[in-house]
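Following: one structure in structure tokens, then a few remarks.
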Amino acid sequence: MSFLSVLLTKVILATTLAAFAEVVRRRATRPGTAYALWASVLAVLIIPSFFSVSVPDQMLIPLRAAANGMADWYAADVEAESLGSRASESVEAPGVATDTLVKIVVVCWLVGCLILFHRRLLIVGRIRKLVGLASEAPAEFNEQCSRLSCELRMNRVPRVVMTGGTFSPFLWDPIRGEASIVMPAALLRRISKVSLDAILRHELIHVRRRDAWRNRLVFLISTLWWWFPTAVMARRRLLVLEELCTDAEVIRENPQRAKEYAHALLDTDEFLAAGSRADLSVVPAFTQGNFLRERIVRIVAEPPRRSSGHSRSIVYLVAAASLALGVTAAGVPERGANGLIADVSSPTPTMHDVESVDVSEPQSLSASMLPDSDVVSVRRTDREIVLVWPRTASAENLMPVARPDIESEGRATRSVRLVRVSEDGMEPRVWKIDRSAADGSPLKRSEVDWLFGFLALNNVIVDCDGTKHQHPGRTTNVV
Amino acid sequence: MAAPQKVSDTELQILDVLWDCPAQTIRAVCESIYGDASTSHYATVQSLLERLEKKGWVTRDRSERRHLFSAVRDRSEFIGEQIQGIANAVCDGSVVALLGQLAHSGNFSKKERQELRRLIEGEES
């Protein structure tokens with residue numbers, strides 16, 4: 001699959017799964033279910049697809065048009081430049097154009113990633129230094145934290161540190177080193193012991209759930225896919241759901257303290273409101289009130305429930321299946337046992353729809369031999385692929401075929417001729433990629449795969465077993 | 001609230017010395033950090049202290065022949081302000097993804113907060 005196809009597959013799959021996850025998030029009472037689904041949205045973006053499923057071709061048209069549009073836009077410039085040398089037989093520019101476009105996209109992508117990583121790591125380094133400088137909280141708070149850690153059956157006991165300022169208490173759990181619960185000194189003085197107990201429980205549950213590691217992964221993937229809105233949305237949803245999951249777990253551990261826990265949240269909110277509202281928040285300001293209200297309502301209104309094994313299995317199954325699946329257009333045929341492409345989705349073939357064209361002697365072709373303007377003829381041997389395009393097909397359609405990596409490896413014998421037919425026979429210009437290698441080895445499988453993949457992506461169904469198929473818009477016959 | 005002036009890592013090192021022992025001379029700060037007070041180290045510390053003074057983090061007592069430097073804010077206040085500064089500057093949640101936090105400010109009015117407290121109590125009764 002080409003770079004753009006892989007990208008397209010990931011984008012479609014992640015977006016579809018995200019829509020499903022959002023529906024579940026709004027309806028499900030257990031935040032864990034929605035969390036698992038949103039996590040699989042991000043997982044889809046980094047795990048390679050193992051299987052392919054077909055989706056209606058119409059669904060893919062807008063995205064494909066966008067991807068092709070970019071390539072065509074760039075290729076048009078190169079085409080304009082090459083018009084002057086139209087008599088030339090060998091034209092490398094179109095393939096180079098597509099390849100260059102992919103390179104530009106990749107470079108922009110990487111530069112974006114590097115800038116974001118650098119910026120974020122600088123800030124994280126800063127927080128690490130500040131937390132390192134913070135002073136230890138009085139022994140009684142650390143003892144309280146140790147006691148709660150034992151109650152929660154935890155091996156690790158984070159230290160409690162305190163500092164000035166007005167911010168929400170947070171957990172700092174570095175990769176190396178001790179985890180710390182950072183508390184504003186003013187909040188420690190202000191809240192009751194019961195509220196502090198609830199706050200510490202909340203932070204300890206974060207440690208027990210290993211949320212710092214989950215968040216690192218989320219941060220990594222969403223930064224890699226920085227340009228993809230669904231990834232950004234997934235990150236936000238996961239952070240919000242993480243809080244809901246932690247709330248649920250706190251209540252589950254100690255159901256009779258739900259009221260105190262809800263009050264502790266409000267106490268913290270009151271403390272933030274009294275200060276300068278510096279809030280290490282992950283939710284946009286206009287939804288913050290709603291989110292806190294939602295948390296409180298969930299805490300006091302819903303009894304803590306552990307998700308049943310059955311429903312959890314279903315969620316994990318959906319998530320796992322999504323990870324393994326890829327998406328292909330319905331028009332893309334599957335590969336048969338002989339390595340050739342067989343049509344699995346087009347309607348029953350009708351012979352009268354297709355004109356057979358003999359391209360064994362391309363020089364003798366004339367336009368009359370290609371009555372249907374949408375016919376593409378392909379001839380394949382071990383040594384050569386000849387594509388004959390009708391006169392009405394645009395030159396841009398041919399450009400991606402002249403991709404340099406078909407011709408540049410130089411190991412196998414290969415020849416790809418792209419023949420465009422004019423009214424009076426062969427047009428003077430023939431795009432030809434011809435490289436004869438000394439060893440005379442056949443075309444590499446990957447090259448043939450790529451070429452046929454390209455044809456499939458352009459709605460061309462190719463069948464090499466002698467049958468002829470029609471696909472809406474275009475028909476292909478292999479001689 | 002105006003964002004607090006940024007402090008570089010080396011400036012932070014100087015402040016750390018001043019927090020541990022207030023009212024220090026340049027030479028004393030230099031020896032605490034480098035272990036000696038060579039001319040180049042002395043000049044570095046001097047310029048860093050001057051920069052911190054300009055930023056308002058350090059004050060200089062000129063009453064003595066040898067000037068004494070002290071941190072204006074204490075360590076705890078400084079850290080709090082810096083964390084607040086980071087929190088205010090980073091609002092997209094990308095960095096706080098690495099932190100766990102308890103509550104988000106709900107921007108509630110006093111009345112709304114009271115209503116929520118009644119809701120909590122109502123569920124209990």
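All values below come from the heavy atoms of this structure, side chains included, with hydrogens, waters and symmetry mates left out. Below, chains carry the letters A, B, ... as their sequence lines are ordered, and counting in each starts from 1. Bear in mind the structure is a predicted one, so any value in this text is a computation, not a measurement.
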In short, B:Ser76 meets A:Gly164 closest at the heavy-atom pair OG-N, 2.6 Å

CD (A:Glu270) and CG (B:Leu116) are apart, to the nearest 0.5 Å, by 11.0 Å

* To do: Give a yes or no on this: more than 12 heavy atoms of other residues, nucleotides or ligands lie within 6.0 Å of atom CZ of B:Arg60.
  => yes

When rounded to the nearest 0.5 Å, the distance separating CD1 of B:Ile120 from OH of A:Tyr261 is 11.5 Å

- Do the side chains of B:Arg75 and A:Thr163 get nearer than 4.5 Å, heavy atoms only? no

Max heavy-atom pairs within cutoff under 4.5 Å with chain B, candidates A:Thr223, A:Leu266, A:Thr246, A:Val232, goes to A:Leu266

task: For residues B:Phe78 and A:Leu130, determine if any side-chain heavy atom of one lies less than 4.5 Å from a side-chain heavy atom of the other.
output: yes

Heavy atoms of B:Asp9 and A:Arg126 approach each other most closely as OD1-NH1, 3.4 Å

To the nearest 0.5 Å, atom NZ of A:Lys129 lies from atom CD of B:Gln82 at 12.0 Å

- Salt bridge between A:Asp267 and B:Arg117, side-chain N to carboxylate O under 4.0 Å? yes

Using the side chain to side chain contact (heavy atoms under 4.5 Å, CB included) rule, take A:Ile127 and B:Ile83 through it: C-alpha gap first, then chi angles, then the decisive distance, then the call. CA-CA 7 Å; A:Ile127 295 174; B:Ile83 290 177; 5.8 Å; no

So, the part of B:Asp16 with a heavy atom under 4.5 Å from chain A: the answer is side chain

